[in-house]
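From a predicted model like this one, the values you see are computed outputs, not experimental measurements. First the proteins, then the strands, lettered A, B, ... as listed; each starts at 1.
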Amino acid sequence: MPEKVRTVFAESDDERILKQTLSSQPTEGPERKKKRNKKRKLDEPEASNPADQDEPREIPASAKEVERSVSVPKKWPHAASQTNGPSTTKFHPKSKSKPFTDTKTNFTPLREKAKALLETRRKLPVFENADLIRDLLREQDVMLLVGETGSGKSTQIPQFLVDEFWCRPVPTQITRDGKTEKKMVGGCIAITQPRRVAAISLARRVAEEMGTPLGSHSPASKVGYSVRFDTSTSPSTRIKFLTEGMLLQEMLHDPNLTKYSAIVVDEVHERGINVDLTLGFLRNLVSGKKEGRGGVPLKVVVMSATADMESLTDFFQQGFKRPEPEQKAIEGVEAEADKMDTSSPKDISVCRIKGRQFAVKTIYSPAPVHDFVDAALKIIFQIHQKEPMPGDILVFLTGQETVEALEHLVNEYAMGMDPSLPKILVLPLFAALPQAAQQRVFAPAPPRTRKVVLSTNIAETSVTVSGVRHVIDCGKAKVKQFRTRLGLDSLLVKPISKSAAIQRKGRAGREAPGQCFRLYTEKDYLALDETNTPEILRCDLSQALLNMKARGVDDIVGFPFLTRPPREALEKALLQLLNINALEDDGKISAVGLHIAKLPLTPTLGRVLLAAGENGPECLLDVIDIISCLSVENIFLNTTSEEKKEAAEAARRDLYRREGDHLTMLTTVRVYAAEHADRKAWAERHLVSHRAMQSVMDVRKQLRTQCRQAKLLTNEALNNTSLHDPSPILILQSFLAGFATNTARLVPDGSYRTIVGNQTVAIHPSSVLYGKKLEAIMYNEFVFTNRSYARGVSAVQMDWVGEALAGKD
DNA sequence: TTAAGGACC
C-alpha cells in the first residue's frame with residue numbers, strides 16, 4: 001500500500017514548489033494532533049515571594065499625553081472643505097430611498113443620546129488628531145496608526161472618515177474579459193476585528209455615537225456588522241465592523257472589495273493568520289493598477305497597539321516600490337537609507353496616538369519561581385491583607401487545570417482567614433467554562449468582598465474584567481504549535497512575549513492606578529521575545545493557501561507575506577491540498593478546490609462534504625451532521641472519575657454506534673434535533689455539552705444553506721422530515737475522500753499500524769471503539785501524549801481505503 | 001486508560 005501511495009503523489013510533482021521535496025515528504029497527514037502537557041506538580045519547593053522586594057520599580061504612565069510622530073507631506077490639501085457634522089446628503093445615486101429625515105421612524109432619542117456621547121468622544125486622545133488623520137488620508141492611500149488601549153481609535157477613525165469626499169461611491173466602467181460593465185465603486189468603510197464580540201460591540205457603540213439604529217433594525221441604519229452566523233446590515237450601511245474571516249470570505253466573491261472606499265484593519269499586533277492574509281491581499285490591491293475597481297483607489301488604515309510599525313511600513317513600501325512579483329525578503333533587513341530611495345515616499349503615513357491608561361506599578365520576583373500556582377496563592381493573600389478595598393485581583397494562569405488547582409487552594413486558605421478581613425470571591429475564567437459561570441466574572445463584587453479572578457489568557461485580549469487593580473502574571477501561556485514535519489498540532493506551555501506581559505499588566509490600570517506582580521525576574525522579562533509569534537508560523541497552512549489560490553494567487557512564493565512561513569510548511573500544505581484534489585497537478589486551483597474554499601471548513605472536511613454530495617442527498621445530510629460535530633469543540637462532556645464514566649456510559653448507551661465515533665455523532669445530532677421539549681435537559685441527562693450542541697446546530701444550518709445554494713441539496717430534500725436509515729458505508733467512504741491517509745490496519749500482534757507510514761497508533765480511550773479489534777480504522781486526528789492515539793475513530797474496510805487512496809486523479 | 005490557550009469562515 002505505501003508504494004501505491006507514493007506513485008500517486010509522484011504524479012503530482014509538476015508543482016514547481018513541490019518538486020524538490022516530494023520524494024522526501026512523509027505521506028501521513030493527520031489533520032490535527034495535540035500533545036498533552038506535563039502534569040503540574042503541586043508539591044514543588046516553596047517559591048520566594050516577589051512582593052518582599054524593597055523598591056518596586058515604577059513604570060511611568062502615559063496618561064493623557066498625545067504624541068504625534070508623522071511622516072507627512074508638507075502642504076495640506078483643501079483642508080477646510082469638509083465638515084465633520086452628520087451628513088444628511090443623499091449620497092448614493094442608485095438609492096431610491098429618501099434622505100434620513102425619515103418621518104415614519106422617530107430617531108430623536110437616538111440623536112439626543114449621540115449628542116450626549118459627543119462630550120465623551122471629544123475627550124478621547126484620538127479626537128484631536130481627527131483633522132490630521134483626514135488630511136493625511138486625502139493625500140495618501142495607506143496609513144499606519146499606532147494607538148494604545150483606550151485611545152478610542154476603533155470607534156472614532158471610521159467616523160472621522162465616513163464623510164470624506166473620497167468615501168462616496170463613484171460610478172465607473174470596469175472592463176473584464178473584454179466586457180465592460182458599469183458599476184458603483186466605494187461608499188463604505190470596513191473595520192476588521194479579530195473577534196466576533198468585538199465587531200458586534202464596536203458596531204453597537206458607533207451606531208449610538210452616530211445616532212443611527214444598528215444594522216438591520218432599520219433600512220436607514222448607517223452602521224452594521226458582519227460575523228459568522230450573524231450579519232446585521234442595511235441598504236444604507238456605510239460603516240461595517242466585521243471579523244477578518246468575514247472580509248476574506250467577501251474577497252472570494254469580490255476580490256477588489258468594490259463596495260468599500262476604505263478598509264481599516266484593527267488589532268494587527270495580535271497577528272492572527274487571517275490578518276496576515278488580509279494585509280497581503282490589501283497590499284496587492286493598493287499597489288496594483290486597480291482595474292478591478294475602475295481605477296478608484298482603496299484607502300487602507302492599519303491600526304496596531306504596539307509601536308513596531310517599521311516592518312509594516314516596509315511591507316507597504318515594498319509594494320509601491322516594485323510592482324514586479326519577485327522581491328527580496330521583506331522582514332527586518334531594510335535600512336533607513338533604503339526607505340529614502342523610495343520613489344514615492346508619500347504613499348504611507350504613520351500616526352501615533354497615546355492611550356489613556358493609569359499608572360501600574362510592576363513588581364518582579366527577586367528569584368525564579370518554580371511553582372507559579374503556589375507563588376500566586378501567597379501574593380493573593382498578601383494583597384488581600386495589605387491593600388484597601390475596592391480592588392479586585394486578576395491572575396493570569398496557563399489553563400483550566402492550573403485555574404482549578406488555584407481555585408481550590410484559595411478557597412481552602414480563605415476558610416482559615418481572619419474573619420475581620422473582607423471576604424474573598426474566587427471566580428475561574430476560561431473559554432470552556434459554561435456561559436453562566438463566565439458571566440459571574442463581570443458582576444461587581446458583593447459588599448465587603450474582593451473578587452479574585454483566575455483566568456487563562458482569555459482575559460488578556462478577549463474579555464475585560466472591570467474592577468481589577470491588581471494583576472498577577474505567571475509569565476506563561478499555552479501556545480498551539482503545528483509541527484510541519486510530524487504533521488501534528490501540539491499545545492505547549494511557553495513564556496509569553498513582552499507585549500503580552502505589557503498587555504496583562506495594563507489590565508490593572510483601566511480604571512485606577514494599579515500594580516502588577518510578575519512571577520518571574522526582571523532578567524527573565526528582558527529576555528522575552530518582543531512580540532507574539534505570528535499565528536502563520538504556528539499553524540497548518542492548507543486552509544490559508546487554499547484561500548489564496550481561490551483568490552487567484554497562483555504563485556504562493558511571490559505572495560507578500562508580512563512574515564513568510566518556512567518553505568517546508570508551505571510545501572506540506574500544498575501537498576495536503578493536492579492529496580484531496582483541491583489543486584490541479586500544475587498547482588492551480590481545481591473546481592473542487594474552488595468549491596471547498598467557500599465552505600467554512602478545513603479543506604479536508606470540505607472535501608468530505610463534496611464527496612458525500614456525490615453519494616446522494618441522504619448521505620450528504622448525514623455527513624453534514626457529523627462534520628458539524630467535528631468542527632466544534634468536543635460534544636461529549638469529559639468524564640474524569642470512574643463513577644462519572646459509568647454514569648456517562650449508561651446515559652449515552654442509546655447514542656453509541658458500533659460503527660464508531662462518526663455514526664455516534666450522527667445519532668447524537670439526530671436525537672438532539674428531534675428533541676423539541678427541553679434540549680438543555682436532554683443534554684444534561686446524556687452528559688452532552690449543550691453549548692457545543694448549539695454551535696453544532698448553527699454550523700449544520702449554515703452548511704445546509706450553502707449546500708442548497710450550491711445545488712447539492714434541494715428544498716425537497718431539506719424539508720423532508722421523515723428520517724431515512726443512514727448508510728454507514730456511504731458515510732464512511734465519503735470521509736475517506738478526505739481522510740484516506742488517516743487510516744490504520746490491525747497487525748497480528750493486536751496493535752494498529754498506520755497504512756501510510758506504518759506507525760503504531762492506539763484508539764483513544766474517549767472513542768466508542770476503545771479497546772476494539774477491527775480490520776482497519778479511520779480517524780480524524782492523531783494526538784501524541786505518552787503514546788500515539790487516534791481520535792474520532794470509525795471502523796473501515798481495507799478495500800475502501802485502497803480505493804480511496806487509488807481514486808485520486 | 002485521556003484530557004484542549006484563544007480566536008475564526
Checklist entry - Between B:dA3 atom C1' and A:E781 atom CD, what is the distance in whole Å? => result 12 Å
Checklist entry - Below 4.0 angstrom from OP1 or OP2 of B:dG6, is there any side-chain N or O of A:S462? => result no
Item to check | Nucleotide nearest A:H764 (side chain, heavy atoms from C-beta), chosen from B:dA3, B:dG6, B:dC9 | outcome: B:dA3
Checklist entry - Counting any heavy atom closer than 4.0 Å, what does A:R228 reach on the DNA or RNA strands: base, sugar-phosphate only, or nothing? => result base
Item to check | Spacing between A:N634 atom CG and B:dA3 atom C1', to the nearest angstrom | outcome: 9 Å
Checklist entry - Is it true that A:R195 and A:E270 have a side-chain N and a carboxylate O under 4.0 angstrom from each other? => result yes
Checklist entry - When we call it a touch if two heavy atoms are under 4.0 Å apart, what does A:A431 touch: a base, just sugar-phosphate, or nothing? => result sugar-phosphate
Checklist outcome for this item: By nearest-heavy-atom nucleotide on DNA chain B, the more 5' of A:F430 and A:L599 is A:F430
Checklist entry - Of all the nucleotides listed (B:dC9, B:dT1, B:dA4), which has the minimum atom distance to the side chain of A:R196? => result B:dC9
Item to check | Side-chain touch A:L242/A:T192, heavy atoms, less than 4.5 angstrom | outcome: yes
Next on the checklist: Of the options B:dC8, B:dC9, B:dT2, whose atoms approach the side-chain atoms of A:Q543 most closely?
Outcome noted: B:dC9
Checklist entry - Quick one: A:D230 CG to B:dC8 P, roughly how many Å, whole number? => result 12 Å
Next on the checklist: Enumerate the salt bridge (Lys or Arg N to Asp or Glu O under 4.0 Å) contacts for residues 590-605 of chain A, please, sequence neighbours excluded, ordered by first and then second residue.
Outcome noted: none
Checklist entry - Rounded to the nearest Å, what distance is computed from the CD atom of residue A:E633 to the C1' atom of nucleotide B:dA3? => result 14 Å
Item to check | Rounded distance (Å) that lies between atom C1' of B:dC9 and atom CD1 of A:I273 | outcome: 13 Å
Checklist outcome for this item: Sorted by chain and number, sequence neighbours left out, side-chain hydrogen bond (donor to acceptor under 3.5 Å, both in side chains) with A:S628 holds for none
Item to check | Shortest side-chain distance from A:Q249, nucleotide among B:dA4, B:dA7, B:dC9 | outcome: B:dC9
Checklist entry - In Å and rounded to the nearest 0.5 Å, what is the CG to CG distance from A:L546 to A:L583? => result 7.0 Å
Item to check | Nearest-neighbour nucleotide for the A:Q400 side chain, B:dT1, B:dG6, B:dG5 considered | outcome: B:dG5
Checklist entry - Starting at OH of A:Y789 and ending at C1' of B:dT2, how long is that distance when rounded to a whole Å? => result 7 Å
